[in-house]
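In what follows, every chain begins at residue 1, and chains take the letters A, B, ... in the order their sequences are listed. Just so it is clear, the structure is predicted and the values come from calculations on it, not from any experiment.
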Amino acid sequence: MEQLIIFIKKEFKHVFRDNKTLLMLFGLPIAQIILFGFALTNEIKNSKIVVCDYAQDISSIQITERIASSKNFEIKKTIFDKEQIEESFREGDVKLVVVFPANFHKDLNHFNTAQIQVIADASDPNTASTLTSYINNIVRGYQQELNMTSMGSIKIVPEIRMLYNPELKGSTNFVPGVMALVLLLVCVLMTSVSIVKEKEKGTMEILLVSPMNPFTVIIAKAVPYFFLSLVNLTLILLMSIYLLDMPMNGSMVLLYFVSSILILCALSLGLLISNVTETQESAMLITLMGMLLPVIMFSGFMFPLENMPVPLQVISNIVPSKWYYIIVKSIMIKGLGIMSIWKEVLILSLMTSGLLIVSLKNFNIRLQ
Amino acid sequence: METETVIKAVDLTKKFGNFTAVDNISFEVNKGEIFGFLGANGAGKTTAMRMLCGLSKPTSGVANIAGFDVYTETEKIKSHIGYMSQKFSLYEDLTIAENINFFGGIYGLSDKELKEQSNSLIEKLDLSKNANKLVGELPLGWKQKLAFSVAIIHKPSIVFLDEPTGGVDPITRRQFWDMIYDAAESGITIFITTHYMDEAEYCNRVSMMVDGKIAALDSPSNLKEQYGAATMDDVFYYLARQAKRS
C-alpha cells in the first residue's frame, strides 16, 4: 500500500513537470470544444418515426402512405394516443412523431385548412431540422396535388415542435461527443505513453526487478490519470454548461458514474496499447490513428449513424464512445435516469471489463 | 573462512522456440565476489541475467539466488537483489532526492532508514548542493554513479550490473569501480557484464559466454595463462571468434 502511494506521488510529479502532458491534458479539451462548435448537415435515410393518428381518415392515411414510401422515413408504428408520444421517444430510436388531429379530412374539406403537428427529437439538431423539412416537403406535395384536383386553395399547416432542444443548438449535439472524444483520447494517450515511457527509458525493468507487484505498477499508473480525467470531465462540463448553455437535466451522479466507466475503458485501452508498443511515438501514433477516426466517425456526433451503410453501422457498435454518447445525451438533454439507459450502460461496462481483462492478461504474459 | 555461495546455476537453459539463447550453463558465485559476465553481443548474457533476476522463467535447469529458487521464489529474490541496466534508469524529471526516496520506498525502506540512507548517499557522492536538481541535468558519469548507489540502497545480497559503464569517461569509470569495490567489501556480491576488457581485469573471476554456453570461467590471471594471452582482450578475441551464430 505504501509502495502504491509512493508510486502515485511519483506519477503526479511526472505529469505536473511535463508541460507537453499538461497541455495535452487540459489544452486539448478546450480546443476541441471550441473547434467542434460548427455542425454538419447530411441527408438522412430511413429514420424511424411514429404516426399518432387521431383522424384515421382518407387524408391522414394518404399522407402517412407518402411518408412511408419516402426513402427518408420508416414508420415504426402508428399510435392513437398522445400519451404514447413521450414514451416512443424514450425508446431511443424514434426521431420524430407526426400527429394528425381528429377530423383532419373534414377540416380540410370544410375550412380548406387543417393542422398537423410534427414533433422532433432535437437533441440532435441537425437531424431534427432536416427531418422536419422532409416532412414539410411531403405535406406540401400532398397539398399541391389536392389543389390541382379541387378548386379551392387547401392549406395544411404543419406545426413544428422541437423536443428536448427547442432552440436547435448545435452544442447540445457536439458536447457529449467531444466529452467522449476527449476522455477516450486523453486517457488512452496518457496511460499508454506513461507506461511506454518507462519501457523506453529502462525504468520499467528496474520496477519489474523490484519487489513491487506488477499490478501495483498498473494501479499506480491508472489512479492519477483516472483522477485527472475526472478533473478534465468537470472542466468540460463547466465549459459546456456555462459557456455553451448546454442543458443538464439529469443526475450529475449518474453522469460521473458512467464517465468513470468510460475512463476505465480508456485506461484499459491505454494499457493494451502500451503492451504492444515499444516507443512513445508509436504509442501516440496508434492512439491517434486508432482512436481519433473511429470515435469521430462512429460516435454519431459528427455524422448521423442512421445514414451509414449497414456494415459501418454494425462496426459502430464496437466503438465504446458511441454508447457513451447516447448515454450522455440521454442524461444531460433528456434528463433520463438509469432505468432508461441501463442497456447502454451495461454494454459499456461489459466492453470495459472485457478490455480490462485482456490488457491485464497481456501485461502478465509479457512479464514471463 | 568458509565461502558462502549466493548464486548457483546448474544446467540453466532458456529456449525461445527453436532458438536456444542460453544453453546448459552452470556456475557458482560466492558472497562478496566481483563476478564478470562477459560475451559478445547476442551470446546470451542478457537472457541469462534476466533469468537470474527472476524476470524470465528458465526452460530447464536449476538456479538459486541468495538461497531462493528462480522458479518459485521470484518475489523473495527480487527483494534481495539490486539491478542496474545498461540504459540509464532513474527518472530524469525527478530530483536526486526524489529518485532516492522513490526507489528506497518501493524497496520498502522505512522513513527513518530512507532519510539516513539518502543523506549518507548524497554526502558520499558529493551531491549535497545538487540534491534538489533534476536528475536529467546531471552529467552521465554522475547519473551512473547515482544509479548504482540507488541500486544498492536497500543493501541487497547481490547487485546485477548490466553494462553499467557504457559511454562513461575513463576517470568516472575508475571512480565507478571504486564504488563497486566498496560495495563488494561490505558483502554485496557484484554480478557485472561489460564490454571493456580492462574492467574484466578488475573482476575476481570472469566467465565468457559464447553461443549461449560458458566457454571459459576463471580468474583473469588464470585465463590469460590458460590461453597464453597477454591481455583479457586477447582471451576475448580468441573465444569470441569461435562463435558460430552471429
Side-chain angles (χ1 to χ4, degrees), chain A residues 1-25 190 193-221 223-225 228 275 278-280 362-368, chain B residues 14 16 46 49-59 65 71 73-95 97-111 114 134-136 147 150-151 153-154 156 158-160 162-163 166:
Chain A
M1 196 58 208
E2 207 162 309
Q3 290 179 332
L4 184 64
I5 292 166
I6 292 171
F7 206 115
I8 290 173
K9 273 193 205 151
K10 180 208 85 163
E11 288 302 316
F12 273 113
K13 281 180 192 151
H14 285 319
V15 173
F16 288 113
R17 281 187 196 165
D18 186 10
N19 292 337
K20 262 188 296 182
T21 312
L22 279 178
L23 191 70
M24 199 143 68
L25 202 56
M190 295 284 125
V193 165
S194 90
I195 296 178
V196 171
K197 193 172 173 187
E198 301 244 11
K199 273 163 89 173
E200 208 179 42
K201 298 261 169 188
T203 43
M204 187 54 103
E205 263 195 330
I206 306 288
L207 295 177
L208 294 178
V209 181
S210 83
M212 198 161 172
N213 189 316
F215 290 105
T216 315
V217 179
I218 296 181
I219 295 170
K221 287 277 171 199
V223 169
Y225 293 115
L228 289 171
N275 285 341
E278 294 299 329
T279 62
Q280 294 180 62
N362 234 307
F363 191 78
N364 216 7
I365 291 167
R366 206 169 56 75
L367 296 179
Q368 294 309 309
Chain B
K14 177 79 185 189
F16 297 104
T46 306
M49 196 141 149
R50 287 176 65 88
M51 283 193 282
L52 299 176
C53 294
L55 277 183
S56 152
K57 274 213 162 51
T59 311
I65 310 300
Y71 291 94
E73 296 173 303
T74 50
E75 291 315 307
K76 282 188 186 140
I77 290 177
K78 285 177 179 175
S79 52
H80 283 86
I81 61 171
Y83 178 80
M84 180 182 164
S85 78
Q86 50 197 350
K87 283 186 203 165
F88 171 68
S89 45
L90 297 177
Y91 295 101
E92 306 216 341
D93 54 349
L94 298 186
T95 67
E98 281 167 345
N99 264 295
I100 295 172
N101 286 332
F102 173 72
F103 284 104
I106 65 170
Y107 274 97
L109 260 57
S110 71
D111 287 352
L114 250 177
L134 295 185
V135 163
V150 168
I153 194 166
H154 57 295
I158 308 157
V159 63
F160 291 89
D162 191 3
E163 288 172 33

Next on the checklist: Given the ring of A:F7, does A:K10 sit roughly above its face, with NZ or CZ under 6.0 Å from the centre of the six-membered ring and within 45° of the axis?
Outcome noted: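 Ring-cation test returns yes.
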
Checklist entry - Hey, are A:E200 and A:T279 close enough side-chain-wise for a donor-acceptor pair under 3.5 Å? => result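 Short answer, no.
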
Checklist entry - Does a sphere of radius 6.0 Å around NZ in B:K76 hold more than 12 heavy atoms from other residues, nucleotides or ligands, not counting ones at 6.0 Å or beyond? => result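 No, NZ of B:K76 has 12 or fewer neighbouring heavy atoms, counting only those of other groups under 6.0 Å.
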
Name the region of [X], side chain, backbone, both or neither, that has any atom closer than 4.5 Å to a heavy atom of chain A.
{"X": "B:L134", "value": "side chain"}
{"X": "B:I106", "value": "both"}
{"X": "B:F160", "value": "neither"}

Checklist entry - With a 4.5 angstrom heavy-atom cut-off, which part of A:K197 approaches chain B: side chain, backbone, both or neither? => result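 Side chain only.
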
Item to check | Worked check of side-chain contact (heavy atoms from CB on, under 4.5 Å) between B:Y107 and B:V150 | outcome: CA-CA 11 Å; B:Y107 274 97; B:V150 168; over 6 Å; no

